Amino acid sequence: MVTRTQSEALFAEALRHIPGGVNSPVRAFRAVGGQPFFVQSAKGARVTTVDGDELIDYVGTWGPAILGHSHPKIIGAIKAAADHGTSFGIPNPSEVTMARLIKQHVPSVDKVRMCNSGTEACMSAIRLARGFTRRDKFIKFDGCYHGHADHLLVKAGSGALTFGHPDSAGVPADFAKHTLVLPFNDVDAVKASIAANAGEIAAIIIEPVPGNAGLFTPRPGYLEFLRQITADNGIVLIFDEVMTGFRLAPGGAQERFGIKPDLSCFGKIIGGGLPVGAFGGRADIMDCLAPLGPVYQAGTLSGNPLAMAAGIAALEELRAGDAYAQLEASGAALEAGLRDAAKSAGVPVTFNRCGSMFCGYFTDQPVHNLADAMHSDRARFAKYFHGMLTEGVYLAPSQFEAGFVSTAHTPADIEATARAAAKVMKTL
Ligand code: KE4
């Protein structure tokens with residue numbers, strides 16, 4: 001049972017000071033009901049709440065904790081770096097090391113610019129693509145999230161060929177009018193949109209494996225199709241690998257699927273849990289960035305020595321052993337356990353997984369895009385979420401989020417999770 005006394009008191013106070021009591025909306029548990037617990041500390045595959053409950057964590061702070069929480073190599077690197085200062089606002093050696101490491105992992109990156117969040121990375125990559133092509137329009141896909149820049153908070157227009165509409169208050173319609181929103185995995189929609197906007201589309205930005213509507217994967221040939229049609233039309237292909245980067249393979253989804261995008265966005269893992277973002281790719285595009293070129297982009301804390309030290313430690317640790325084989329094995333074991341749990345309980349669940357990213361949708365239909373995902377029974381998911389929490393397992397507090405396995409999750413953790421799921425599924 002997860003006790004809540006301290007968390008409830010903290011949340012009551014948080015509500016007085018912070019909108020919704022949280023610094024990022026998904027943390028408020030609005031999608032599953034109830035109130036969030038507060039975490040006092042985190043170690044390995046577990047978080048410990050302020051009320052002393054230990055939970056097996058499959059959120060992993062939304063992706064960064066691929067090595068588990070408080071990995072000694074990362075904590076040690078941060079402590080060592082902190083002794084030399086926290087921010088200089090002038091180049092520091094770890095920025096060069098990080099840039100070199102990203103290039104070593106991701107061959108499509110000739111040059112890379114650090115920033116402070118995935119939002120900044122994606123916003124800047126789109127501005128850069130627009131400056132490079134001198135075109136204004138760009139395509140994104142339903143269910144893909146690229147941070148909260150105005151022109152990205154846009155939902156699909158009435159038809160696949162019409163421009164998007166704001167998906168948030170405060171975003172002027174004008175800011176959405178260059179954004180085309182198409183269904184994921186739909187080749188014809190992309191062909192039609194490019195034909196209808198010939199010579200006017202600067203970029204296509206995509207999560208190669210979308211993890212912000214649960215998890216679904218590209219159909220065979222889909223990414224190859226996007227690579228070809230963008231090359232044929234002078235359109236910059238941007239892979240948003242903020243979540244998939246350095247997770248689905250050392251070189252991210254682009255390594256796993258063998259695609260070379262023009263630009264890529266990164267975040268999460270390369271900060272080792274500290275604030276970070278990065279975008280990089282073809283030198284001829286990246287060199288359009290200030291101070292070399294006319295596309296402006298900047299950041300006080302970009303390349304911050306603490307975030308660099310944490311990210312460098314994370315990347316070096318990931319390369320040191322057999323992390324990716326371990327992540328694949330743990331992901332597969334979790335998938336098998338959760339599938340068995342649903343089957344034994346007679347609960348229809350579509351389980352999607354790619355490496356160490358996963359999502360169980362409460363539907364008996366396949367899920368290949370957002371429209372499919374919307375068929376999931378969200379009330380049943382909410383009951384499952386709270387049931388698992390009671391059993392000591394913390395899943396993402398929304399049907400439309402991905403879960404993450406880390407190298408810190410042991411076979412015993414996976415087995416305990418499967419047992420909990422078997423018990424909870426019977427109550428749904
Ligand atoms: P941030 O600005 O939150 O660092 O990154 C935005 C972003 C960009 N691209 C992808 C593929 C992302 O997954 C994200 C952020 N992911 C969410 C998780 N669904 C962050 C969690 C949150 O918003 O609190």
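The figures here come from the full heavy-atom set of this structure, side chains too, leaving out hydrogens, waters and symmetry mates. This one's a predicted model, so the numbers in the text were calculated from it and none came from an experiment. Counting starts at 1 for both ligands and their atoms, in listed order.
In the displayed structure, F351 atom CZ is contacted under 6.0 Å by more than 12 heavy atoms of other residues, nucleotides or ligands.
Here the two rings, on Y394 and Y58, have centers that are 6.0 Å apart or farther.
Annotation: the span from L152 atom CG to K140 atom NZ amounts to 7.0 Å, rounded to 0.5 Å.
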What does the N/O contact table under 3.5 Å look like for ligand 1?
from	atom 1	to	atom 2	distance (Å)
ligand 1	2 (O)	T119	N	2.9
ligand 1	2 (O)	T119	OG1	2.7
ligand 1	4 (O)	G118	N	3.0
ligand 1	9 (N)	Y145	O	3.3
ligand 1	9 (N)	D240	OD1	3.3
ligand 1	9 (N)	D240	OD2	2.7
ligand 1	13 (O)	N212	OD1	3.4
ligand 1	13 (O)	N212	ND2	2.9
ligand 1	16 (N)	K268	NZ	3.1
ligand 1	19 (N)	N212	OD1	2.4
ligand 1	19 (N)	E401	OE1	2.7
ligand 1	23 (O)	S24	OG	3.4
ligand 1	24 (O)	S24	OG	2.6

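Residues passing the salt bridge (charged side-chain N to carboxylate O under 4.0 Å, His left out) test with E8, sequence neighbours excluded: none. Listed by chain and number, the residues in a side-chain hydrogen bond (donor to acceptor under 3.5 Å, both in side chains) with E255 amount to none (sequence neighbours excluded).
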Residues 12-33, side-chain donor-acceptor partners within the protein, below 3.5 Å, at least two apart:
from	atom 1	to	atom 2	distance (Å)
E13	OE2	H17	NE2	3.0

